[in-house]
Amino acid sequence: MKKFPAILFALCMLLALRPVTAHAEGQTIVHAGTVEELRSALADNTKIVLEGKDYSIGYLGVDGLDNVTIQGTEGTRILTEYEGNFALDIGNSDIVLEDISICLDPPEGSWHDTELFIVGLNSGSRLTLRNCRITGCLLSCAIGEGCSLTVKDTVFSGCAQGTMDMCTGEALFENCTFSGSGFGREGKKPLNHAIAWRGSWGNDGILAFVNCVFENNGNAGFMESEWETEGSYALQNCTFSNNRWGEATCPATPTSSTVLVNGEKTAVDAYSINGNNYFKLRDIGQTFDFGINWDGGSRTITIDTSVPYTAE
């Protein structure tokens, strides 16, 4: 009986410790109940599990880490009150965020445009967001050539300026919702476009939206593309509703395609629209040498395969 208090004391001490276990994927699992524990747990091959509460990080910098997962539980929110360019900087790392809400939390009586700013400067940097909610933070990415951003089952909403301003090597958004952004606040005007896609930092970059929803956004336009190097973006099975820019948004991105003519490959200019390649009818007529006539009065096109193509 004398040993019972000592055993009970030891048991209580064990329960008070944050559990650390080996993960099946080679990650060490660490439970972090405070911001300080979150910061100190950042290390290679680590999965950090957060509690279902608010973590006011202000700014979180992560650089040079490999195979790191930060996972929330129900009710986990990362709050930022950082009045600067970014809330999250992944640097040159491989990071996964899942089951987390990241929210702008401005001081009472003020408003600022803190961004969820993601940086990957070297080839191989990767950020993955899964089942997250980004609220009030303009998603801004500056990811270098060879880096990637993958976002799945995530909601972006409530940003005064727009949805995102991106400059990246490769980005994929799948099953995501973009809602209620671009409304302006306290004298701030929303961005002209919900999404700005800039390619000066990337090469052959791809921005793709697959099975995404865009609804109730107040920006005048949907997409602004300012590639200085080659790049493209595409929409596949996306839906639009109640956006200021209208519903029939299908950006056309110039591409180069090859068709077979009498068994020989021939390059023909094409346009990627909603994930499909489209060709100009006159280019097809010239390639296959058949006549095309336009009647302006009836606004009809006539194709005549019995006559050769004639340029107008």
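Here the structure is a predicted model, which is why all the values come from computation and not from measurement. Just the heavy atoms: all of them, side chains too, but no hydrogens, waters or symmetry mates, feed the values below.
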Closest approach of [X] and [Y], non-hydrogen atoms and distance?
X: Val30; Y: Ala41; answer: CG1-CB, 4.0 Å
X: Cys238; Y: Phe209; answer: SG-O, 3.4 Å
X: Ile100; Y: Ile70; answer: CD1-O, 3.3 Å
X: Cys132; Y: Leu97; answer: SG-O, 3.5 Å
X: Phe178; Y: Thr163; answer: CD2-CG2, 3.1 Å
X: Cys159; Y: Cys137; answer: SG-C, 4.1 Å

Check for a donor-acceptor pair, side chain of [X] on one end and backbone N or O of [Y] on the other, with a separation under 3.5 Å.
X: Thr239; Y: Val213; answer: no
X: Ser181; Y: Asn217; answer: no
X: Tyr55; Y: Leu50; answer: no
X: Asp304; Y: Ser306; answer: yes
X: Thr46; Y: Asp44; answer: yes
X: Asn92; Y: Gly64; answer: no
X: Asn243; Y: Ala220; answer: no
X: Thr128; Y: Val96; answer: no
X: Thr69; Y: Lys47; answer: no

Exercise for the section: Name all pairs fulfilling the salt bridge (charged side-chain N to carboxylate O under 4.0 Å, His left out) condition that reach into residues 233-243, sequence neighbours left out, sorted by first residue then second. Expected result: none
Practice task
Just grab all the salt bridge (charged side-chain N to carboxylate O under 4.0 Å, His left out) pairs involving residues 69-78, residues at least two apart or on different chains.
Solution key: Asp54-Arg77
To the nearest 0.5 Å, what is the distance between [atom1] on [X] and [atom2] on [Y]?
X: Met223; Y: Met164; atom1: CE; atom2: CE; value: 8.0 Å
X: Ile48; Y: Leu38; atom1: CD1; atom2: CG; value: 5.5 Å
X: Leu79; Y: Lys53; atom1: CG; atom2: NZ; value: 12.0 Å
X: Arg126; Y: Ser93; atom1: CZ; atom2: OG; value: 11.5 Å

Problem - Centroid-centroid under 6.0 Å between Phe214 and Phe222 rings - result: yes
Practice task
State whether a side-chain donor-acceptor pair under 3.5 Å links Asn67 with Asn45.
Solution key: yes
Fill in the blank from the handout: The single option from Leu207, Asn211, Thr154 that satisfies side chain to side chain contact (heavy atoms under 4.5 Å, CB included) with Phe173 is Leu207
Handout entry: Result of checking Leu127, Leu60, Leu149, Asp63 against Ile90 for side chain to side chain contact (heavy atoms under 4.5 Å, CB included)
Key = Leu127
Practice task
Before giving the answer on side chain to side chain contact (heavy atoms under 4.5 Å, CB included), spell out for Thr177 and Glu215 the whole-Å C-alpha distance, their side-chain angles and the decisive distance to 0.1 Å.
Solution key: CA-CA 8 Å; Thr177 298; Glu215 59 186 9; 4.0 Å; yes
Practice task
Apply side-chain hydrogen bond (donor to acceptor under 3.5 Å, both in side chains) to Ser157 and list each qualifying residue two or more places apart in sequence or on a separate chain.
Solution key: none
Problem - Thr305: side-chain hydrogen bond (donor to acceptor under 3.5 Å, both in side chains) partners, not counting sequence neighbours - result: none
Practice task
May I have the step-by-step check of side chain to side chain contact (heavy atoms under 4.5 Å, CB included) for Lys152 and Asn175, ending in yes or no?
Solution key: CA-CA 6 Å; Lys152 296 186 177 183; Asn175 300 323; 5.9 Å; no
Practice task
Name all residues meeting the salt bridge (Lys or Arg N to Asp or Glu O under 4.0 Å) criterion together with Asp99; count only those two or more places apart in sequence or in a different chain, and write none if there are none.
Solution key: none
Handout entry: Fellow cluster residues of Leu172, listed by chain then number, with links counted only when side-chain atoms sit under 4.5 Å apart
Key = Val210
